[in-house]
2 protein chains.
Amino acid sequence: MVLSKSCDYGLRAAVYVAAHGDGRFVPIGEIAEALGVSFHFLTKALQRLSQHRILTSSRGPKGGVALARPAEAISVREVVLAVDGDDLFERCVLGLDHCGDDHPCPLHGQWKAVKAEMERIFTETNLRLLAERMEVGGMRLTNLG
Amino acid sequence: MVLSKSCDYGLRAAVYVAAHGDGRFVPIGEIAEALGVSFHFLTKALQRLSQHRILTSSRGPKGGVALARPAEAISVREVVLAVDGDDLFERCVLGLDHCGDDHPCPLHGQWKAVKAEMERIFTETNLRLLAERMEVGGMRLTNLG
DNA sequence: GTTAATAAAGACTCGCTTGTCCGAAATGCC
DNA sequence: GGCATTTCGGACAAGCGAGTCTTTATTAAC
């Protein structure tokens, strides 16, 4: 899998908040139910996002999580880095350590281009863009059925 | 990780055979030692490649594995598909089932391009090409040290 | 035929990711 | 202050990939 489940859930949750938050704190239970994922497991992913100042949170009644910044100021790349680290953008496709321009594996040159393309796409895509695609493009964050 | 360890080992082993095989059967023990990986675990990965007619094998003395076809007729894509299946080229980046042009996730359009690029690169790269890069390009299949 | 070498196949352990559960801390509401 | 609601944090279980070990089957060499 390219993204871990934690990252996947965290990203989908962040988009949900961007689309349905409206400035309020959104309870994690509401997000978990909307996405059809485990509440407790989602909680852990969102804690990572809060620790990285991507989300803010509030306990108690009317509590929940909210975007720490405007949705257009949070890129997909940031969310991925917060949860999964930079392996996706840095690691050798063959799993070799220190594979770089100096000591490359035979696929390094081509894979480097793929990684750069992934990073570019994730950098230029922000949560507002994704939220808008859900609203006007009819795209979905959840499994069918 | 983009490729599983099995796939990683299988691919590196196939390139090793392409580069150092010279038509003979190469014992898996020799490959495992050259790559610095577990013999028994590598054996499992190579069994998958044999079952998919990418390698042939022979038991007993002077036995081992060999390429089932000329190295230029075996693409990286084939090896990846044999070991890891088509998840890498087919699966939704957000892990949604049935994410396609009809019911896309908000990242589908962009991720589709990344998947196509990965598949293109893996399709046009064959084992002979990789073996040549090791011989004339000084590229490496193993970890340093 | 005997022996040694080698792939094939399955059982087993280990560690990490995923997922569950429970208690503690915070906070709004009465 | 008391209570309900909600996040935070750690402990725990389950599932899966990674890695080890043992046995069996096959084959070349003598």
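Order of the sequence lines fixes the chain letters, A, B, ..., with proteins taken first and strands second; residue numbering starts at 1 for each chain.
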Exercise for the section: Give the nucleotide from the list D:dT27, D:dG19, C:dC29 with an atom nearest to the side chain of B:Ser38. Expected result: D:dG19

Practice task
Kindly point out which of D:dT7, C:dC29, C:dC22 is positioned nearest to the side chain of A:His40?
Solution key: C:dC22

Protein-nucleotide distance ([X], atom [atom1]; [N], atom [atom2]), rounded to Å:
X: A:Asp8; N: C:dT18; atom1: CG; atom2: P; answer: 9 Å
X: A:Gln47; N: D:dG10; atom1: CD; atom2: C1'; answer: 10 Å
X: B:Lys62; N: D:dC30; atom1: NZ; atom2: C1'; answer: 14 Å
X: A:Leu35; N: C:dT18; atom1: CG; atom2: P; answer: 16 Å
X: B:Arg24; N: C:dT6; atom1: CZ; atom2: P; answer: 11 Å
X: B:Ile28; N: D:dA25; atom1: CD1; atom2: C1'; answer: 14 Å
X: A:Asp84; N: C:dC16; atom1: CG; atom2: P; answer: 16 Å
X: B:Leu55; N: C:dA7; atom1: CG; atom2: P; answer: 11 Å

For the residue pair [X] and [Y], what are the closest heavy atoms and their distance?
X: A:Arg140; Y: A:Thr142; result: NH1-O, 2.8 Å
X: B:Glu30; Y: B:Tyr16; result: OE2-OH, 2.8 Å
X: B:Ser6; Y: B:Phe41; result: OG-CZ, 3.4 Å

Practice task
Could you please spell out the steps behind the side-chain hydrogen bond (donor to acceptor under 3.5 Å, both in side chains) verdict for A:Asn126 and A:Ser75?
Solution key: CA-CA 4 Å; A:Asn126 61 59; A:Ser75 68; over 6 Å; no

Practice task
By nearest nucleotide on DNA chain D, pick out whichever of A:Ser50 and A:Gly60 is the more 5' one.
Solution key: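 Mapping each residue to its closest nucleotide by heavy atoms, the 5'-most match is A:Gly60.
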
Whether [X] contacts [N] is assessed here as follows: a side-chain N or O lying under 4.0 Å from the phosphate OP1 or OP2. Is that the case?
X: B:Ser57; N: C:dA8; value: yes
X: A:Tyr9; N: C:dT18; value: no
X: B:Gln51; N: C:dA9; value: yes

Exercise for the section: Please tell me which of A:Phe41 and B:Lys44 maps to the more 5' nucleotide of DNA chain C, matching each residue to the nucleotide holding its nearest heavy atom. Expected result: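 So the residue in question is B:Lys44.
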
Handout entry: Contact nearer the 5' end of DNA chain C, comparing A:Arg59 with A:Met1
Key =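 Closer to the 5' end of DNA chain C: A:Met1.
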
Practice task
For the helix from C:dG1-D:dC30 to C:dC30-D:dG1, figure out the bend between the end axes, five pairs an end, and round to 10 degrees.
Solution key: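 Taking five pairs per end, the axes differ by 10°.
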
Practice task
Just call it for B:Leu46: base, sugar-phosphate, or nothing, with non-hydrogen atoms closer than 4.0 Å on any strand.
Solution key: nothing

Exercise for the section: May I ask you to say what B:Glu30 touches in the nucleic acid, namely base, sugar-phosphate or nothing, with a heavy-atom cut-off under 4.0 Å? Expected result: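 Nothing: the residue B:Glu30, judged by heavy atoms under 4.0 Å, touches no strand.
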
Problem - Pairing of B:Asp101 and B:Lys112 as salt bridge, 4.0 angstrom limit - result: yes

Problem - Cationic N near anionic O, under 4.0 Å, A:Glu78 to A:Arg69 - result: yes

Problem - side chain to side chain contact (heavy atoms under 4.5 Å, CB included) evaluation trace for B:Arg12 with B:Val37 - result: CA-CA 10 Å; B:Arg12 285 163 60 196; B:Val37 304; 4.3 Å; yes

Handout entry: From CA spacing to verdict: salt bridge (Lys or Arg N to Asp or Glu O under 4.0 Å), A:Lys115, A:Glu119
Key = CA-CA 6 Å; A:Lys115 287 188 294 191; A:Glu119 188 159 12; over 6 Å; no

